[in-house]
Amino acid sequence: MAEIQNRLATYEKLNIQVAALSIDTPNQSRAIAEKMNLDFPLLCDTQKKVIDRFHLRNPFEHDGIAYPGTFIITPDARVCYRSLDGTASRLDLTEELAFLEQHSRDRALLMQGPPKKSWIFPTPKDTWGMARNMVTQGNFADWKHFILLPLEYLFILADKIKTPSFDCQKVGLDFAALARVRLVTQIDIPAPPKDVFQVLEDQESWPLWFKDIQRVEWTSAPPFKKGSSRQVALKGLVLDETFIAWEPGRRFSFSVTAASRPLFRAFMEDYLLEPSGVSGTKLTWTVAYDPGIMLKAAGPLGKHMLKKSFQKGAAALAAFMEKGG
Amino acid sequence: MDANIPDIGQTAPDFTVTDAFGSSFTLSETLNSGRTVKLVFYRGHW
(Lines give C-alpha, C1' and ligand atoms only; values in the text may rest on other atoms or scores of the structure.)
Protein backbone atom coordinates (compact mmCIF):
# COMPACT_ATOMS: atom_id res chain seq x y z
CA MET A 1 0.00 0.00 0.00
CA ALA A 2 2.90 2.30 0.76
CA GLU A 3 4.23 1.47 -2.70
CA ILE A 4 0.95 2.53 -4.24
CA GLN A 5 0.99 5.75 -2.23
CA ASN A 6 4.52 6.44 -3.43
CA ARG A 7 3.38 6.12 -7.02
CA LEU A 8 0.01 7.79 -6.63
CA ALA A 9 1.05 10.74 -8.80
CA THR A 10 1.60 8.36 -11.71
CA TYR A 11 -1.86 6.86 -11.31
CA GLU A 12 -3.38 10.33 -11.14
CA LYS A 13 -1.55 11.31 -14.32
CA LEU A 14 -3.09 8.30 -16.05
CA ASN A 15 -6.55 9.32 -14.74
CA ILE A 16 -6.79 6.14 -12.67
CA GLN A 17 -8.77 6.13 -9.44
CA VAL A 18 -7.09 3.91 -6.86
CA ALA A 19 -9.25 2.30 -4.19
CA ALA A 20 -8.26 -0.40 -1.70
CA LEU A 21 -10.83 -2.72 -0.13
CA SER A 22 -10.82 -4.99 2.91
CA ILE A 23 -13.35 -6.24 5.42
CA ASP A 24 -12.00 -3.88 8.11
CA THR A 25 -14.37 -1.45 9.79
CA PRO A 26 -14.11 2.31 9.12
CA ASN A 27 -12.20 2.80 12.39
CA GLN A 28 -9.66 0.13 11.56
CA SER A 29 -9.27 1.45 8.01
CA ARG A 30 -8.86 5.02 9.19
CA ALA A 31 -6.04 3.90 11.48
CA ILE A 32 -4.22 2.39 8.51
CA ALA A 33 -4.90 5.41 6.28
CA GLU A 34 -3.53 7.75 8.92
CA LYS A 35 -0.55 5.63 9.86
CA MET A 36 0.51 5.19 6.24
CA ASN A 37 -0.55 8.65 5.05
CA LEU A 38 -2.70 7.24 2.28
CA ASP A 39 -4.39 9.63 -0.15
CA PHE A 40 -6.69 7.10 -1.76
CA PRO A 41 -9.93 5.66 -0.39
CA LEU A 42 -9.95 2.58 1.81
CA LEU A 43 -13.26 0.81 1.26
CA CYS A 44 -14.90 -1.06 4.15
CA ASP A 45 -16.56 -4.25 2.93
CA THR A 46 -17.53 -5.34 6.44
CA GLN A 47 -20.45 -7.40 5.18
CA LYS A 48 -18.19 -9.17 2.67
CA LYS A 49 -20.63 -8.38 -0.14
CA VAL A 50 -17.93 -7.18 -2.55
CA ILE A 51 -15.42 -9.95 -1.88
CA ASP A 52 -18.23 -12.43 -2.46
CA ARG A 53 -19.22 -10.78 -5.73
CA PHE A 54 -15.63 -11.04 -6.87
CA HIS A 55 -15.40 -14.62 -5.51
CA LEU A 56 -12.42 -13.69 -3.38
CA ARG A 57 -13.41 -15.17 -0.05
CA ASN A 58 -10.41 -17.06 1.29
CA PRO A 59 -11.28 -20.78 1.32
CA PHE A 60 -8.44 -21.55 3.71
CA GLU A 61 -10.41 -20.30 6.67
CA HIS A 62 -13.86 -19.58 5.27
CA ASP A 63 -13.64 -16.45 7.32
CA GLY A 64 -14.11 -13.80 4.70
CA ILE A 65 -10.62 -12.33 4.61
CA ALA A 66 -10.09 -11.58 0.97
CA TYR A 67 -7.40 -13.09 -1.17
CA PRO A 68 -5.16 -10.16 -1.94
CA GLY A 69 -5.52 -9.07 -5.54
CA THR A 70 -5.62 -6.16 -7.94
CA PHE A 71 -8.12 -5.46 -10.73
CA ILE A 72 -7.78 -2.68 -13.27
CA ILE A 73 -11.29 -1.83 -14.49
CA THR A 74 -11.88 0.32 -17.58
CA PRO A 75 -14.72 2.90 -17.79
CA ASP A 76 -16.84 0.32 -19.63
CA ALA A 77 -16.54 -1.91 -16.53
CA ARG A 78 -14.27 -4.52 -18.08
CA VAL A 79 -11.24 -6.02 -16.38
CA CYS A 80 -8.16 -5.17 -18.45
CA TYR A 81 -5.52 -6.27 -15.95
CA ARG A 82 -5.61 -8.64 -13.02
CA SER A 83 -3.22 -9.97 -10.40
CA LEU A 84 -4.24 -12.55 -7.81
CA ASP A 85 -1.67 -12.61 -5.06
CA GLY A 86 -0.97 -15.44 -2.67
CA THR A 87 0.36 -14.85 0.79
CA ALA A 88 3.95 -14.94 -0.33
CA SER A 89 3.92 -12.71 -3.37
CA ARG A 90 3.08 -9.15 -4.35
CA LEU A 91 2.29 -7.47 -7.62
CA ASP A 92 5.25 -5.65 -9.13
CA LEU A 93 3.89 -2.17 -9.73
CA THR A 94 6.58 -1.27 -12.24
CA GLU A 95 5.21 -3.77 -14.70
CA GLU A 96 1.62 -2.87 -13.95
CA LEU A 97 2.32 0.80 -14.56
CA ALA A 98 4.17 0.00 -17.78
CA PHE A 99 1.04 -1.79 -18.97
CA LEU A 100 -1.15 1.13 -17.89
CA GLU A 101 0.98 3.63 -19.80
CA GLN A 102 0.56 1.53 -22.94
CA HIS A 103 -3.14 1.11 -22.19
CA SER A 104 -3.61 4.87 -21.97
CA ARG A 105 -2.52 5.06 -25.60
CA ASP A 106 -4.47 2.01 -26.74
CA ARG A 107 -7.67 1.65 -24.74
CA ALA A 108 -8.48 -1.74 -26.18
CA LEU A 109 -5.28 -3.25 -24.85
CA LEU A 110 -5.79 -6.18 -22.51
CA MET A 111 -3.24 -7.78 -20.25
CA GLN A 112 -1.15 -10.51 -21.83
CA GLY A 113 0.64 -13.13 -19.78
CA PRO A 114 0.97 -13.41 -16.02
CA PRO A 115 1.96 -10.35 -13.98
CA LYS A 116 5.39 -10.15 -12.43
CA LYS A 117 5.44 -10.85 -8.73
CA SER A 118 8.05 -9.84 -6.18
CA TRP A 119 9.68 -12.22 -3.76
CA ILE A 120 8.40 -12.06 -0.20
CA PHE A 121 11.84 -11.08 0.93
CA PRO A 122 12.62 -7.44 0.33
CA THR A 123 15.12 -6.51 -2.36
CA PRO A 124 17.81 -3.95 -1.52
CA LYS A 125 15.65 -1.32 -3.25
CA ASP A 126 12.60 -2.33 -1.15
CA THR A 127 14.70 -2.29 2.00
CA TRP A 128 15.88 1.24 1.27
CA GLY A 129 12.33 2.33 0.55
CA MET A 130 11.03 0.80 3.80
CA ALA A 131 13.86 2.30 5.85
CA ARG A 132 13.09 5.68 4.32
CA ASN A 133 9.37 5.33 5.08
CA MET A 134 10.19 4.32 8.62
CA VAL A 135 12.46 7.28 9.23
CA THR A 136 10.53 9.99 7.40
CA GLN A 137 6.98 8.83 8.21
CA GLY A 138 7.39 6.52 11.17
CA ASN A 139 5.85 3.84 8.99
CA PHE A 140 6.52 0.32 10.24
CA ALA A 141 3.82 -1.30 8.15
CA ASP A 142 6.12 -2.62 5.42
CA TRP A 143 8.55 -4.18 7.91
CA LYS A 144 5.68 -5.78 9.72
CA HIS A 145 4.40 -7.20 6.45
CA PHE A 146 7.66 -8.99 5.70
CA ILE A 147 8.70 -10.02 9.17
CA LEU A 148 5.33 -11.43 10.03
CA LEU A 149 4.60 -13.14 6.73
CA PRO A 150 5.57 -16.61 7.96
CA LEU A 151 3.09 -16.12 10.79
CA GLU A 152 0.34 -15.00 8.45
CA TYR A 153 -1.72 -18.15 8.79
CA LEU A 154 -1.64 -17.87 12.55
CA PHE A 155 -3.01 -14.36 12.26
CA ILE A 156 -5.76 -15.53 9.94
CA LEU A 157 -6.69 -18.07 12.59
CA ALA A 158 -6.69 -15.46 15.33
CA ASP A 159 -8.77 -13.19 13.12
CA LYS A 160 -11.35 -15.89 12.69
CA ILE A 161 -12.24 -15.45 16.35
CA LYS A 162 -12.35 -11.68 16.03
CA THR A 163 -14.32 -11.33 12.82
CA PRO A 164 -17.94 -12.31 12.40
CA SER A 165 -17.51 -15.40 10.28
CA PHE A 166 -20.52 -17.49 11.31
CA ASP A 167 -23.47 -16.37 9.22
CA CYS A 168 -26.83 -15.98 10.92
CA GLN A 169 -30.17 -16.12 9.18
CA LYS A 170 -31.44 -12.56 8.65
CA VAL A 171 -34.93 -12.35 10.14
CA GLY A 172 -37.77 -9.83 10.25
CA LEU A 173 -39.92 -8.39 13.03
CA ASP A 174 -42.25 -11.39 12.83
CA PHE A 175 -39.40 -13.59 14.07
CA ALA A 176 -40.14 -12.51 17.64
CA ALA A 177 -43.25 -14.67 17.58
CA LEU A 178 -41.56 -17.63 15.88
CA ALA A 179 -38.21 -17.79 17.69
CA ARG A 180 -37.24 -20.65 19.99
CA VAL A 181 -36.33 -18.17 22.73
CA ARG A 182 -37.98 -14.84 23.46
CA LEU A 183 -36.80 -12.50 26.22
CA VAL A 184 -38.85 -9.38 26.92
CA THR A 185 -37.84 -6.61 29.30
CA GLN A 186 -39.99 -3.61 30.04
CA ILE A 187 -38.80 -0.51 31.84
CA ASP A 188 -39.76 3.11 32.30
CA ILE A 189 -37.14 5.65 31.29
CA PRO A 190 -37.22 9.24 32.62
CA ALA A 191 -36.64 10.87 29.25
CA PRO A 192 -38.78 11.44 26.13
CA PRO A 193 -38.78 8.78 23.39
CA LYS A 194 -36.88 10.89 20.86
CA ASP A 195 -34.03 11.39 23.37
CA VAL A 196 -33.85 7.67 24.03
CA PHE A 197 -33.75 7.00 20.30
CA GLN A 198 -30.90 9.48 19.87
CA VAL A 199 -28.86 7.60 22.44
CA LEU A 200 -29.56 4.31 20.69
CA GLU A 201 -28.46 5.85 17.39
CA ASP A 202 -25.21 7.17 18.91
CA GLN A 203 -22.53 4.50 18.55
CA GLU A 204 -20.37 6.12 21.23
CA SER A 205 -23.02 5.88 23.93
CA TRP A 206 -23.47 2.10 24.04
CA PRO A 207 -20.24 1.19 25.89
CA LEU A 208 -21.11 3.94 28.37
CA TRP A 209 -24.41 2.45 29.47
CA PHE A 210 -24.40 -1.22 28.38
CA LYS A 211 -21.38 -2.57 30.25
CA ASP A 212 -21.19 -5.80 28.26
CA ILE A 213 -20.58 -3.85 25.06
CA GLN A 214 -17.06 -2.65 24.26
CA ARG A 215 -17.55 -0.99 20.89
CA VAL A 216 -20.27 -0.15 18.40
CA GLU A 217 -19.46 1.06 14.92
CA TRP A 218 -21.75 1.98 12.05
CA THR A 219 -20.59 0.17 8.91
CA SER A 220 -22.86 1.96 6.48
CA ALA A 221 -22.98 5.69 5.79
CA PRO A 222 -25.50 8.00 7.46
CA PRO A 223 -28.35 8.89 7.36
CA PHE A 224 -29.27 5.65 9.10
CA LYS A 225 -32.40 3.78 8.14
CA LYS A 226 -33.83 0.33 7.58
CA GLY A 227 -31.01 -1.63 5.90
CA SER A 228 -28.20 0.26 7.63
CA SER A 229 -25.59 -1.90 9.28
CA ARG A 230 -23.30 -1.77 12.28
CA GLN A 231 -20.76 -3.92 14.07
CA VAL A 232 -20.94 -4.53 17.81
CA ALA A 233 -18.05 -5.93 19.86
CA LEU A 234 -18.56 -7.51 23.26
CA LYS A 235 -15.98 -9.40 25.24
CA GLY A 236 -15.09 -12.41 23.09
CA LEU A 237 -17.91 -11.81 20.59
CA VAL A 238 -18.26 -9.60 17.51
CA LEU A 239 -21.60 -9.22 15.74
CA ASP A 240 -22.66 -7.77 12.39
CA GLU A 241 -26.16 -6.32 12.58
CA THR A 242 -28.56 -5.00 9.92
CA PHE A 243 -31.53 -2.80 10.81
CA ILE A 244 -34.99 -4.17 10.03
CA ALA A 245 -36.95 -1.28 11.58
CA TRP A 246 -35.92 2.35 12.03
CA GLU A 247 -38.55 4.81 13.26
CA PRO A 248 -36.91 7.73 15.05
CA GLY A 249 -38.43 8.10 18.48
CA ARG A 250 -40.47 4.91 18.12
CA ARG A 251 -38.73 1.76 16.99
CA PHE A 252 -35.12 0.53 16.70
CA SER A 253 -34.78 -3.09 15.57
CA PHE A 254 -32.01 -5.17 14.06
CA SER A 255 -31.19 -8.69 12.99
CA VAL A 256 -27.73 -10.18 13.49
CA THR A 257 -26.30 -11.34 10.14
CA ALA A 258 -22.97 -12.79 11.34
CA ALA A 259 -21.25 -13.60 14.62
CA SER A 260 -17.69 -14.49 15.55
CA ARG A 261 -18.87 -17.60 17.41
CA PRO A 262 -21.62 -20.06 16.50
CA LEU A 263 -23.92 -18.89 19.29
CA PHE A 264 -27.05 -18.19 17.26
CA ARG A 265 -28.71 -19.47 14.12
CA ALA A 266 -30.77 -16.28 14.14
CA PHE A 267 -30.91 -13.35 16.54
CA MET A 268 -32.87 -10.12 16.58
CA GLU A 269 -33.58 -7.25 18.98
CA ASP A 270 -36.55 -4.92 18.95
CA TYR A 271 -36.61 -1.70 20.99
CA LEU A 272 -40.12 -0.29 21.11
CA LEU A 273 -40.44 3.22 22.58
CA GLU A 274 -43.80 4.52 23.77
CA PRO A 275 -44.52 7.82 25.53
CA SER A 276 -45.15 7.37 29.24
CA GLY A 277 -46.60 10.20 31.25
CA VAL A 278 -45.58 13.72 30.35
CA SER A 279 -41.95 13.23 29.39
CA GLY A 280 -41.10 9.62 29.94
CA THR A 281 -40.68 6.53 27.76
CA LYS A 282 -41.89 3.01 28.20
CA LEU A 283 -39.27 0.78 26.61
CA THR A 284 -40.25 -2.71 25.56
CA TRP A 285 -37.02 -4.50 24.70
CA THR A 286 -37.52 -7.82 22.94
CA VAL A 287 -34.67 -10.22 22.24
CA ALA A 288 -35.55 -13.25 20.13
CA TYR A 289 -33.21 -15.97 18.91
CA ASP A 290 -32.71 -19.51 17.75
CA PRO A 291 -29.68 -20.84 19.63
CA GLY A 292 -26.72 -22.33 17.77
CA ILE A 293 -24.60 -25.26 18.88
CA MET A 294 -22.55 -23.29 21.35
CA LEU A 295 -25.55 -21.82 23.14
CA LYS A 296 -27.59 -25.02 23.13
CA ALA A 297 -24.70 -26.64 24.97
CA ALA A 298 -25.05 -24.03 27.71
CA GLY A 299 -28.66 -25.10 28.23
CA PRO A 300 -31.07 -23.10 30.42
CA LEU A 301 -28.10 -21.38 32.08
CA GLY A 302 -27.25 -19.69 28.78
CA LYS A 303 -30.78 -18.33 28.42
CA HIS A 304 -30.75 -17.17 32.03
CA MET A 305 -27.47 -15.33 31.64
CA LEU A 306 -28.68 -13.57 28.51
CA LYS A 307 -31.91 -12.57 30.23
CA LYS A 308 -29.99 -11.12 33.16
CA SER A 309 -27.65 -9.26 30.82
CA PHE A 310 -30.53 -7.53 29.03
CA GLN A 311 -32.35 -6.70 32.26
CA LYS A 312 -29.19 -5.10 33.56
CA GLY A 313 -28.81 -3.27 30.25
CA ALA A 314 -32.33 -1.87 30.40
CA ALA A 315 -31.83 -0.66 33.98
CA ALA A 316 -28.50 0.88 32.98
CA LEU A 317 -30.11 2.72 30.05
CA ALA A 318 -32.76 4.16 32.38
CA ALA A 319 -30.08 5.29 34.85
CA PHE A 320 -27.98 6.73 32.02
CA MET A 321 -30.91 8.77 30.64
CA GLU A 322 -31.78 9.96 34.14
CA LYS A 323 -28.30 11.37 34.55
CA GLY A 324 -28.72 13.31 31.32
CA GLY A 325 -27.72 10.78 28.66
CA MET B 1 -8.36 -20.32 -7.14
CA ASP B 2 -12.04 -19.86 -7.88
CA ALA B 3 -12.76 -19.91 -11.62
CA ASN B 4 -15.57 -17.41 -11.08
CA ILE B 5 -13.20 -14.58 -10.21
CA PRO B 6 -13.72 -11.94 -12.92
CA ASP B 7 -11.11 -12.55 -15.59
CA ILE B 8 -9.44 -10.38 -18.23
CA GLY B 9 -12.05 -9.10 -20.67
CA GLN B 10 -14.96 -9.88 -18.35
CA THR B 11 -17.26 -7.36 -16.73
CA ALA B 12 -16.49 -6.42 -13.15
CA PRO B 13 -19.47 -6.58 -10.76
CA ASP B 14 -20.80 -3.24 -9.60
CA PHE B 15 -20.94 -2.42 -5.88
CA THR B 16 -21.41 0.32 -3.32
CA VAL B 17 -19.50 0.49 -0.03
CA THR B 18 -18.62 3.03 2.61
CA ASP B 19 -15.03 4.21 2.88
CA ALA B 20 -12.91 4.79 6.00
CA PHE B 21 -14.20 8.35 6.36
CA GLY B 22 -17.88 7.63 5.86
CA SER B 23 -18.21 8.52 2.19
CA SER B 24 -20.04 6.25 -0.18
CA PHE B 25 -18.17 4.69 -3.11
CA THR B 26 -19.99 3.17 -6.08
CA LEU B 27 -17.87 1.52 -8.76
CA SER B 28 -20.21 2.32 -11.67
CA GLU B 29 -20.37 6.00 -10.67
CA THR B 30 -16.60 6.33 -10.74
CA LEU B 31 -16.38 4.48 -14.04
CA ASN B 32 -19.14 6.59 -15.58
CA SER B 33 -17.08 9.70 -14.91
CA GLY B 34 -14.60 8.32 -17.42
CA ARG B 35 -11.97 7.10 -14.95
CA THR B 36 -10.30 3.75 -14.89
CA VAL B 37 -10.32 2.11 -11.46
CA LYS B 38 -7.47 0.22 -9.82
CA LEU B 39 -9.22 -1.88 -7.18
CA VAL B 40 -6.91 -3.49 -4.65
CA PHE B 41 -8.15 -6.18 -2.27
CA TYR B 42 -5.99 -6.30 0.84
CA ARG B 43 -5.94 -8.21 4.11
CA GLY B 44 -6.47 -5.34 6.45
CA HIS B 45 -5.31 -4.88 10.02
CA TRP B 46 -3.24 -7.49 11.82
Side-chain angles (χ1 to χ4, degrees), chain A residues 1 4 11 14-24 26-33 41-45 49-51 53-57 59 65-82 84 96 100 103 110-111 144 148 152 155-156 218-222, chain B:
Chain A
M1 301 265 267
I4 296 173
Y11 289 107
L14 294 167
N15 196 25
I16 294 175
Q17 171 69 55
V18 179
L21 182 143
S22 74
I23 61 169
D24 279 356
N27 274 358
Q28 291 163 334
S29 305
R30 249 195 326 273
I32 292 181
L42 296 187
L43 308 180
C44 307
D45 184 29
K49 287 205 188 116
V50 185
I51 68 170
R53 273 187 216 169
F54 278 75
H55 297 272
L56 286 171
R57 224 186 247 240
I65 295 180
Y67 264 126
T70 297
F71 294 76
I72 307 284
I73 303 165
T74 53
D76 61 348
R78 281 191 320 150
V79 176
C80 70
Y81 189 94
R82 183 183 88 169
L84 300 176
E96 183 214 46
L100 289 170
H103 178 82
L110 295 179
M111 173 186 185
K144 216 162 58 168
L148 295 179
E152 183 154 345
F155 278 92
I156 291 175
W218 285 105
T219 49
S220 58
Chain B
M1 232 49 43
D2 193 330
N4 290 315
I5 299 175
D7 207 342
I8 311 292
Q10 292 185 332
T11 306
D14 191 18
F15 60 86
T16 300
V17 271
T18 311
D19 78 7
F21 294 89
S23 303
S24 192
F25 178 98
T26 299
L27 179 64
S28 53
E29 262 179 42
T30 310
L31 295 175
N32 286 341
S33 73
R35 305 197 86 187
T36 296
V37 171
K38 171 177 154 101
L39 181 61
V40 182
F41 290 83
Y42 71 103
R43 282 201 195 287
H45 79 290
W46 290 62

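These values consider heavy atoms only, across backbone and side chains, with no hydrogens, waters or symmetry-generated copies. The model shown is predicted, which means the values in this text are computed figures rather than measured ones. The sequence lines fix the lettering, A, B, ..., with proteins before strands; numbering per chain opens at 1.
Atom CD1 of A/Ile72 sits about 5.0 Å away from atom NZ of B/Lys38, to the nearest 0.5 Å. Here the CG-CZ distance, from A/Leu21 to B/Phe15, works out to 6.0 Å after rounding to the nearest 0.5 Å. Distance CD1/A/Ile73 to CG/B/Leu31: 6.5 Å, rounded to 0.5 Å. Here B/Asn32 contributes atom CG and A/Asp76 contributes atom CG; the two are 10.5 Å apart, rounded to the nearest 0.5 Å.
Shown here for A/Ala221 and B/Thr18, the closest heavy-atom pair between the two residues is N-OG1, 3.3 Å. When all heavy atoms are compared, the tightest approach of B/Gly9 to A/Leu110 is CA-CD1, 4.2 Å. Here the closest non-hydrogen pair linking B/Pro13 and A/Arg53 is CG-O, 3.6 Å. When all heavy atoms are compared, the tightest approach of B/Ile8 to A/Arg82 is CD1-N, 3.6 Å.
Interface remark: of the candidates B/Gly22, B/Pro6, B/Ala12, B/Ser23, B/Pro6 forms the most heavy-atom pairs closer than 4.5 Å to chain A. Residue with the most contacts toward chain B among A/Asn27, A/Asp45, A/Leu43: A/Leu43 (heavy-atom pairs, distance under 4.5 Å). Counting heavy-atom pairs closer than 4.5 Å to chain A, the top residue among B/Thr11, B/Leu27, B/Asp7, B/Thr16 is B/Asp7. Chain B forms more heavy-atom pairs under 4.5 Å with one residue of A/Ala77, A/Ser29, A/Ala31, A/Pro222 than with any other, namely A/Ala77. Heavy-atom pairs under 4.5 Å with chain B were tallied for A/His103, A/Glu96, A/Lys49; the largest tally goes to A/Glu96.
For the pair B/Thr36/A/Pro75, a side-chain contact is recorded, criterion being any heavy-atom separation below 4.5 Å from C-beta on. Using a 4.5 Å cut-off on side-chain heavy atoms (C-beta onward), B/Tyr42 and A/Ile4 make no contact. At least one side-chain heavy atom of A/Leu56 sits under 4.5 Å from a side-chain heavy atom of B/Ile5. Contact of the A/Phe54 side chain with the B/Leu39 side chain is registered, since non-hydrogen atoms from C-beta on lie closer than 4.5 Å.
Contacts between A/Tyr81 and chain B at a heavy-atom distance below 4.5 Å involve the backbone alone (N, CA, C, O). For a residue to count as touching a neighbouring chain, one of its non-hydrogen atoms must lie under 4.5 Å from one of that chain's; by this rule B/Thr30 touches chain A with the side chain only. With a 4.5 angstrom heavy-atom cutoff, B/Asp14 touches chain A only via backbone atoms. A/Cys80 touches chain B through its backbone: at least one of N, CA, C or O sits under 4.5 Å from a heavy atom, while the side chain does not.
Looking at A/Arg30, its side chain does come within 3.5 Å of a backbone N or O of B/Ala20 through a donor-acceptor pair.
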